[in-house]
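These numbers come from a predicted model, not from an experiment. Each chain gets a letter, A, B and so on, in the order the sequences are listed, and its residues count up from 1.
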There are 2 protein chains.
Amino acid sequence: MRCRTRYRDCKGAPPIEAIPRRRAGITPAREEAEQAFLDAAERLLVSVGYAGITTRKVAEEAGLNHGLVHYYFGSMQELLLQVLERFTDRLVERQREMYAAPGPFIEKWRTAMRYLDEDEDSGYAKIWYELQAMGWNDPEIRKRVARITRVWYDVIDEALTKAMDEYGLDRSTFSSEAIVTLVGTFNMGIHLQRLSGVNWGHRELLRAIDGWLVQLEAAKAQRESAKKPA
Amino acid sequence: MRCRTRYRDCKGAPPIEAIPRRRAGITPAREEAEQAFLDAAERLLVSVGYAGITTRKVAEEAGLNHGLVHYYFGSMQELLLQVLERFTDRLVERQREMYAAPGPFIEKWRTAMRYLDEDEDSGYAKIWYELQAMGWNDPEIRKRVARITRVWYDVIDEALTKAMDEYGLDRSTFSSEAIVTLVGTFNMGIHLQRLSGVNWGHRELLRAIDGWLVQLEAAKAQRESAKKPA
DNA sequence: GGACGCCTTGGTCAATTGACTAAATACCAC
DNA sequence: GTGGTATTTAGTCAATTGACCAAGGCGTCC
């Protein structure tokens, strides 16, 4: 059943043609333009949130024609999904890189805590939590968010398990699984609170943890120096 | 400058008349209808999120005429603010009640952890985090959210400070402020993850904390029984 | 240098939205 | 029951939105 209106059958009709899908040969210009859209969408996530993103706004922000959104991505939903995709890929890569690096655990921890501040200032956190909030009402996005959270956990789990052994921490009361969950959730909570403008106690908590790790490092060094000479 | 269109000057004109404000004498029927709108808005927060709420949907959900939204509340924004107001009042009241109740700390903790599950099932958590997400892009709502978070912290702080003294916990490394922040943030993080469908490690963490509290309670009981006979 | 196909521009369209209102109705004191 | 006020209904309106398209531009290969 063809469209009776000038352009299309406006309700319930199947799409006349398939969405133009990603082909192998994309010109550099097109690639650049698509990235510009994704960048623009990220900036809008920071400045107005996911609910305020429209095809026109994202095109204006990217300095491109709004018709291109549908030509490139087929729909607004697909554009946002690709934002999520690109963002989470970067997130996981950074996380892996950080914990895979050599050095004592406390170094890695401090790097992670530095990210806590950096991500807030750069808008990285806002993007990530906006995407998550989108997922609360969109199964496809939620699924992806859950997958990334899981990967994130696995990476921390590995690092923490190793660290607990090194520090000789008892795992009978607090398993590494429990600690990982605690770290993962408190990290999210801190970001969440900061998005609401709450900063109370954060510095205090981070300093306490850092102090505790310093103690653990010292104890570890002592154990090792006591063992070697003997 | 009066409206040239049939109804109003549609851009930039000041409101012709003040928004009908809350008067002293509201009939019970009106009160009931307003509550029905607030209830409906909460249900929509659960089912579609804040971005999906419109005057027409909220009216349909409440089984009332959509014109009433503006007659009662003046604007969609005001309706949502009143949802926030009512919701946070209830939240704080429950929190205060819980920690003010008599009984050992571990009891209160367990009640709080029970809420963690209950709130998820009842949609309470979804409402609260949708409202928070709204606040990320709305200063007025963010301010209110921050205030409530602060009150929430104060209540926990009082209970935790007392508990740490009772349990004889050292406060030199982890101050009560740090612990409160840890508890507050990990609680938020757990909710956040569950909204994304992530449950990994939660049970493990909660069980670990509970086990630890049991130990602390036992040690406290021992101390007291050792003191009394002497 | 002409044909061909991809890209881009600058629109249009139906649907939906918040805001708003006039007219009808319900309710109340007298 | 009558007059007046408050509430309710059933709309209207401008603006905005996602989706979509036609026509012309542009690069490339023959």
- request: Starting from P on dG18(D), measure out to CD1 on I53(A) and report it in whole angstrom.
  value: 10 Å
task: Report the nucleotide, chosen from dG18(C), dG18(D), dT8(C), that has the shortest atom-to-atom distance to any side-chain atom of Y72(A).
output: dT8(C)
field: Given dG18(C), dT8(C), dA19(D), the nucleotide with the shortest approach to the side chain of R56(A)
entry: dA19(D)
query: Does H66(B) make a side-chain donor-acceptor contact with the base of dG11(D), cut-off 3.5 Å?
result: yes
query: Sub-3.5 Å donor-acceptor pair from the side chain of E78(A) to the main-chain atoms of F73(A), do we have one?
result: no
Secondary-structure string, 5' to 3', Watson-Crick or G-U under 3.5 Å, | for another-strand partners, for DNA chain D: ||||||||||||||||||||||||||||||
- request: Using only side-chain N and O atoms of T55(B), determine if any of them is under 4.0 Å from OP1 or OP2 of dG18(C).
  value: yes
- request: Report the distance from atom OH of Y50(B) to atom CH2 of W136(A), rounding to the nearest 0.5 Å.
  value: 9.0 Å
task: When you get a sec, tell me which of dT12(C), dT8(D), dA19(C) is the closest nucleotide to the side chain of S75(B)?
output: dA19(C)
- request: Indicate the ring-plane relationship of Y99(B) and F105(B), choosing parallel, tilted or perpendicular according to the 30° and 60° boundaries.
  value: parallel
Euclidean distance, atom CZ of residue F73(A) to atom P of dT8(C) [Å, nearest integer]: 12 Å
- prompt: E32(B) CD to dT8(D) P: how many Å, rounded?
  reply: 11 Å
query: Would you say a side-chain N or O of H70(A) is under 4.0 Å from OP1 or OP2 of dC20(D)?
result: no
message: Once rounded to the nearest 0.5 Å, what's the spacing between atom CD of Q193(B) and atom CD of Q132(A)?
response: 8.5 Å
message: How long is the straight-line distance from CD1 of I148(A) back to CG of D89(A), given to the nearest 0.5 Å?
response: 6.5 Å
task: Walk me through it: do T181(A) and E204(B) pass the test side-chain hydrogen bond (donor to acceptor under 3.5 Å, both in side chains)?
output: CA-CA 8 Å; T181(A) 306; E204(B) 189 64 28; over 6 Å; no
- prompt: What integer distance in Å separates F37(A):CZ from dG18(D):P?
  reply: 13 Å
query: Roughly, in whole Å, what's the span from CG in L44(B) to C1' in dT17(C)?
result: 15 Å
task: Provide, to the nearest angstrom, the distance between the CD atom belonging to E34(A) and the C1' atom belonging to dT8(C).
output: 14 Å
task: Select base, sugar-phosphate, or nothing to describe what L68(A) touches, counting heavy atoms under 4.0 Å on all strands.
output: base
task: With heavy atoms under 4.0 Å as the rule, sort L79(A) into base, sugar-phosphate or nothing.
output: nothing
task: Could you tell me whether the phosphate oxygens of dC7(C), OP1 or OP2, come under 4.0 Å of any side-chain nitrogen or oxygen in Y71(A)?
output: yes
message: Check this for me: does any side-chain nitrogen of one of R142(A) and D138(A) sit under 4.0 Å from a carboxylate oxygen of the other?
response: no
- prompt: In whole Å, what is the span from the CG atom of N65(B) to the C1' atom of dA24(C)?
  reply: 13 Å
- prompt: M76(B) has a side chain; which of dT8(D), dT17(C), dA19(C) sits nearest to it?
  reply: dA19(C)
